[in-house]
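Have a look at the structure below before the remarks.
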Amino acid sequence: MLPAFIDKTAPLLAQIELVAAQAAFRHMQVGGGKRMSVAMTNCGPWGWTSSSAGYQYSRTDPLTQRPWPAMPDSFMSLAQQAAAAAGFDHFEPDACLINRYGSGAALGVHQDRDEQDMDQPIVSVSIGATASFQLGGLKRSEPLRTLPLHDGDVLVWGGPSRLRFHGVKALKPTAGGPDIRHNLTFRKAK
Ligand SMILES: O=C(O)CCC(=O)C(=O)O
């Protein structure tokens, strides 16, 4: 955990808006046709997508058939600096999933196992409203610890922790604070 690793997140939000102008946020479906409460888009060479057919990384946005927007240089350097600060040099993310949580949006507990190279870490950047992040072990049955993730916090997990189960509880914005949370999840997909 790299608390308050980012001083000011407003420039990241501005970049997110530029990405979303080219590849809109959307609520993807999961197996069984259920709609995810978190809205998502991607930037970088590969984008994570989900549909009733399953999960996959794709080079193009299924909504437009165009390549995902390029990963802004500022995103790449942030991801690499955070990875290095957590002990992972040479992180080469080729996918940045952008999650947008409104009030009540949640991400079920899962493992990130759609990537080819499990030696590369995951770098997760929190922007806006505080989230209750749930971090478990390598088995779904292991207990979950709840970590508050604030604006500017960065969480990095890799090595023996790369496949730890994790999720995000339903967002409860606090009065007077931001009512939306964004998250950037950087991974090496291919
Ligand atoms: O929003 C977060 O903090 C975590 C996102 C996440 O777990 C994912 O995209 O797989």
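In each ligand, atom 1 is the first atom listed, and ligand 1 is the first ligand listed.
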Problem set entry | Which segment of Met40 sits under 4.0 Å of ligand 1 when only heavy atoms are counted | neither

For this session: Within a distance under 4.0 Å of any heavy atom of Ser124, pick out the atoms of ligand 1 and give their elements.
Result: 3 (O)

Problem set entry | Audit row: Thr130, Thr174, side chain to side chain contact (heavy atoms under 4.5 Å, CB included) steps and yes/no | CA-CA 8 Å; Thr130 300; Thr174 50; 6.0 Å; no

Problem set entry | Minimal non-hydrogen separation, Gly137 against Glu142, with atom names | CA-OE1, 3.3 Å

For this session: Measure Leu107 to ligand 1 on non-hydrogen atoms and call it side chain, backbone, both or neither using the 4.0 Å cut-off.
Result: side chain

Problem set entry | Check against side chain to side chain contact (heavy atoms under 4.5 Å, CB included), Met1 and Leu149 | CA-CA 9 Å; Met1 166 77 148; Leu149 290 182; 3.7 Å; yes

Exercise. Short question: side chain of Arg26, backbone of Ala24 - any donor-acceptor pair under 3.5 Å?
Worked result: yes

Exercise. Which is closest to atom 4 (C) of ligand 1 in terms of heavy atoms, Val168, Val109, Asp153?
Worked result: Val168

Problem set entry | Pair Asp94 + Lys188: basic N to acidic O under 4.0 Å | yes

Exercise. With a 4.0 Å heavy-atom cut-off (strictly under), which part of Leu97 contacts ligand 1: side chain, backbone, both or neither?
Worked result: side chain

Exercise. Which pair of heavy atoms, one from Asn42 and one from Pro69, lies closest together, and at what distance?
Worked result: O-CD, 3.5 Å

Exercise. Regarding Arg162 and the six-membered ring of Trp157, is the cationic atom NZ or CZ under 6.0 Å from the ring centre and inside 45° of its axis?
Worked result: no

Seminar exercise, completed: Judged by heavy atoms only, the candidate from Gln111, His182, Arg187 nearest atom 8 (C) of ligand 1 is Arg187

Problem set entry | Numbered atoms of ligand 1 (with element) below 4.0 Å of Arg181, judged on heavy atoms | 1 (O), 2 (C), 3 (O)

Seminar exercise, completed: Under 4.0 Å from one or more heavy atoms of Phe133, ligand 1 contributes atoms 3 (O), 4 (C)

For this session: Could you tell me the residue and atom name of the protein heavy atom closest to atom 9 (O) of ligand 1, and the distance to it rounded to 0.1 Å?
Result: Asn99 ND2, 3.1 Å

Problem set entry | Numbering as shown, the atoms of ligand 1 that approach His166 to under 4.0 Å (heavy-atom distance) | 7 (O), 10 (O)

Exercise. Counting both backbone and side chain atoms, is some N or O of Ser126 under 3.5 Å from an N or O of ligand 1?
Worked result: no

For this session: Specify the protein heavy atom at minimum distance from atom 1 (O) of ligand 1: its residue, its atom name, and the distance to 0.1 Å.
Result: Tyr101 OH, 2.5 Å

Problem set entry | Residue pair Asp179 / Ser103, side-chain donor-acceptor N/O under 3.5 Å | no

